[in-house]
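See below for the structure under consideration.
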Amino acid sequence: MSARRPLIAGNWKMYRTQAEAAALVTALCQRLPAQPAAEVLVLPPFTALAAVAQALASESRVALGAQNCHWAKEGAYTGEVSPWMLLDVGCTYVLAGHSERRQLFGETDALVNKRARGALAAGLKPIVCIGETLQERDAGRTLSVVASQLAGSLAGVSAEEMAHVTLAYEPVWAIGTGRNATPAQAQEVHAQVREDLGRLFGAAAALATRILYGGSVKPDNAAALLGQMDVDGALVGGASLDAAGFATICAAV
Ligand code: PGA
């Protein structure tokens, strides 16, 4: 058995003002046990990071992360946020290449790779997201699409740096649709991703790397998904905006 501690991450997307975000994370903390079995992470929008950091000031059970970052320390990059700025506000994690970034904002593997490596250089832990569209799945291309996203997004990352990288497999057709992958579908891809990781970074890194599942994870399907051998946690969107439901998912590991 590996020693991969499950990670349950709540991606709040473009929801919640500062006050709402502080209230949400406070309500979540009230519902978590003293020592959650999973590592718990929330990913509020940029504008609410400081408010959530403040609400978490004396709280060690919940980590803070952001949904995206640039790779430079600072510079003339209008509209971007530096990983050092995220560290400064209290983040330890950041998403890279969420499918909404890829689909709606044209982010390529090369760009996702820059973001992930920038995060690593700053000392942030990137959660690198990969996943196929419905069209790709129907064409039988799921495993090859995911393998090429993986290799492209992690190009130039060392086996040592992989200790700070988490992956998230999120089939695009399952995100925000209420249609989750079945546990068997998730396990099939996760096992393949771990094999690919072994080829890219060696067996030890492959065994140690956490691979989260994301896409319509809800309180009632979380346990079955998290029960799969290679599913090491969840990246939760919609259901993370409800404190009680998210706490239930955190308890499902
Ligand atoms: P969902 O989103 O849980 O609402 O499907 C998951 C995600 O986008 O990370």
Side-chain angles (χ1 to χ4, degrees), residues 6-16 20-21 24-25 28 38-46 48-49 52 62-69 91 93-107 112 115-116 119 125-134 136-137 142 145-146 149-150 153 165-183 185-186 189-190 193 210-228 231-253:
L7 172 65
I8 307 293
N11 173 14
W12 295 1
K13 308 195 181 189
M14 200 173 75
Y15 292 100
R16 300 297 183 257
E20 290 165 353
L24 175 56
V25 80
L28 171 64
E39 187 179 350
V40 179
L41 168 67
V42 293
L43 305 157
F46 290 126
L49 287 172
V52 173
V62 179
L64 182 65
Q67 299 168 19
N68 199 10
C69 72
C91 291
Y93 284 90
V94 65
L95 296 182
H98 187 278
S99 77
E100 285 151 15
R101 300 299 318 168
R102 292 177 184 266
Q103 301 278 312
L104 305 174
F105 301 96
E107 296 203 5
V112 173
R115 296 194 189 281
K125 297 183 265 193
I127 300 175
V128 177
C129 305
I130 55 179
E132 83 286 2
T133 63
L134 187 57
E136 290 163 340
R137 174 162 284 265
T142 297
V145 166
V146 165
Q149 288 178 339
L150 185 75
S153 304
V165 175
T166 300
L167 293 170
Y169 167 58
E170 297 201 299
V172 175
W173 48 271
I175 296 178
T177 58
R179 178 183 165 196
N180 61 287
T182 65
Q185 284 174 325
V189 178
H190 283 228
V193 169
R210 289 184 297 195
I211 308 171
L212 315 183
Y213 167 78
S216 296
V217 176
K218 306 290 177 201
D220 61 358
N221 62 23
L225 287 159
L226 293 165
Q228 299 299 306
V231 176
D232 307 312
L235 181 52
V236 184
S240 69
L241 295 171
D242 174 65
F246 189 61
T248 302
I249 294 170
C250 293
V253 302

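Everything quoted here is computed from the prediction, not taken from an experiment. One-based numbering, in listed order, for ligands and for the atoms of each.
Salt-bridge formation is detected for the pair Arg210/Glu39: a Lys NZ or Arg NE/NH1/NH2 atom is positioned less than 4.0 Å from an Asp or Glu carboxylate oxygen.
Residue-level contacts of ligand 1 at the 4.0 Å heavy-atom threshold are Asn11, Lys13, His98, Glu170, Ala174, Ile175, Gly176, Gly215, Ser216, Leu235, Val236, Gly237, Gly238.
The only member of Val172, Val112, Thr133 that meets side-chain contact (heavy atoms from CB on, under 4.5 Å) when paired with Arg102 is Val112.
Using bins of under 30°, 30° to 60° and over 60° for the plane-to-plane angle, the ring pair Tyr213/His190 lands in the tilted bin.
Applying the side chain to side chain donor-acceptor pair (under 3.5 Å) test to Trp173 and every residue at least two apart in sequence or in another chain returns Glu132.
Two residues are said to be in side-chain contact when any heavy atoms from C-beta on lie closer than 4.5 Å; His98 and Glu170 meet this criterion. For the pair Asn180 and Val217, the minimum side-chain heavy-atom distance is 4.5 Å or more.
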